[in-house]
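Just below is one structure, and these are the notes that go with it.
Residue indices begin at 1 and follow the sequence shown.
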Amino acid sequence: MRRALRARAERRQLMTAEAEVLGELRRLRARLPQLTGALAASTDGLVLAQDTAEVEAEGVAALTAAALGVAVRLTDTTGQGGFRELLIRGELGYVATYAAGSSAVLTLLAEPRINVGRLHLEARRSSTRIGELVDGALERLENA
């Protein structure tokens, strides 16, 4: 019971950062017009904010959490340190996931013609900001 109340309080606190995170996603999409979607999620697959039209955000967040689990294990097993980012190239574009602080990830969908270097540059900046927002919200919860 206590664990369920704590989880509910954490979700509520994360949602308070939603407007700011959504603003960051929209600014990122403005800087990178080749993005077709952007979402921030908790590392366990809870959607925190989304700016996507063509995909189901909850499904993408859940798959991101699964991919994150594999990526974390792979970086640990190979001695590459903590997870930072994952880039997947498909026939019709890219899916890129970036660590956003200790509790969240940023997942982006992009057209195949995107400049991958610019994608990394802009996404790393945004993921840092999103991480600050989410981790700050969780820290306020712990101090309350």
Side-chain angles (χ1 to χ4, degrees), residues 3-78 80-142 144:
R3 185 179 291 165
L5 290 174
R6 174 126 178 105
R8 194 194 275 147
E10 281 182 7
R11 285 190 177 139
R12 218 175 309 122
Q13 192 64 34
L14 288 174
M15 292 306 164
T16 61
E18 180 181 5
E20 292 177 87
V21 172
L22 181 57
E24 185 61 37
L25 295 179
R26 289 183 174 153
R27 287 188 294 277
L28 177 60
R29 288 197 64 189
R31 292 190 307 268
L32 291 171
Q34 297 83 15
L35 289 182
T36 58
L39 71 91
S42 65
T43 54
D44 62 353
L46 174 71
V47 175
L48 303 175
Q50 64 178 6
D51 188 7
T52 59
E54 298 176 14
V55 297
E56 179 191 340
E58 290 80 13
V60 173
L63 288 169
T64 297
L68 179 63
V70 172
V72 166
R73 290 271 319 259
L74 186 58
T75 57
D76 285 346
T77 301
T78 58
Q80 302 303 315
F83 170 79
R84 292 291 174 250
E85 56 198 48
L86 173 67
L87 180 67
I88 299 168
R89 181 177 174 216
E91 291 176 357
L92 302 176
Y94 293 89
V95 178
T97 299
Y98 300 84
S102 62
S103 304
V105 291
L106 168 66
T107 296
L108 304 174
L109 309 175
E111 297 174 356
R113 63 188 180 94
I114 195 163
N115 178 316
V116 175
R118 178 112 189 271
L119 170 69
H120 285 319
L121 177 70
E122 297 292 347
R124 289 170 184 157
R125 289 179 184 161
S126 288
S127 66
T128 298
R129 177 70 180 133
I130 290 167
E132 291 167 354
L133 292 168
V134 172
D135 288 348
L138 289 173
E139 188 175 307
R140 286 190 296 280
L141 174 67
E142 290 174 3

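- Across every non-hydrogen atom of A61 and G45, the tightest pair is CB-O, 3.3 Å.
- Residues L87 and H120 are in side-chain contact: their nearest non-hydrogen atoms beyond the backbone lie under 4.5 Å apart.
- Contact check for L108 versus L28: side-chain heavy atoms found under the 4.5 Å cut-off.
- Atom CG of L32 sits about 5.0 Å away from atom CD1 of I114, to the nearest 0.5 Å.
- Summarising the geometry, atom CZ belonging to R113 is positioned 11.5 Å from atom CG belonging to N115; distances are rounded to the nearest 0.5 Å.
- Side-chain atoms of S127 come within 3.5 Å of backbone atoms of R124 as a donor-acceptor pair (strictly under, hydrogens ignored).
- Summarising the geometry, atom OH belonging to Y98 is positioned 12.5 Å from atom CZ belonging to R125; distances are rounded to the nearest 0.5 Å.
- Here the CD-CD distance, from E139 to E132, works out to 11.5 Å after rounding to the nearest 0.5 Å.
- Rounding to the nearest 0.5 angstrom, the gap separating the CG atom in L48 from the CD1 atom in I130 is 9.0 Å.
- Checking side-chain atoms of T107 against main-chain N and O of T97 turns up no donor-acceptor pair under 3.5 Å.
- Residues R29 and D51 share a closest heavy-atom pair of NH1-O, 2.7 Å.
- Taking a cutoff of 4.0 Å between a charged side-chain nitrogen and a carboxylate oxygen, R31 and E24 qualify as a salt bridge.
- Within the 4.5 Å cutoff, no side-chain heavy atoms of V60 are placed close to those of T52.
- Between V72 and T43 there is no side-chain heavy-atom pair separated by less than 4.5 Å.
- Here the side chains of L25 and S126 are not in contact, with every heavy-atom distance at 4.5 Å or above.
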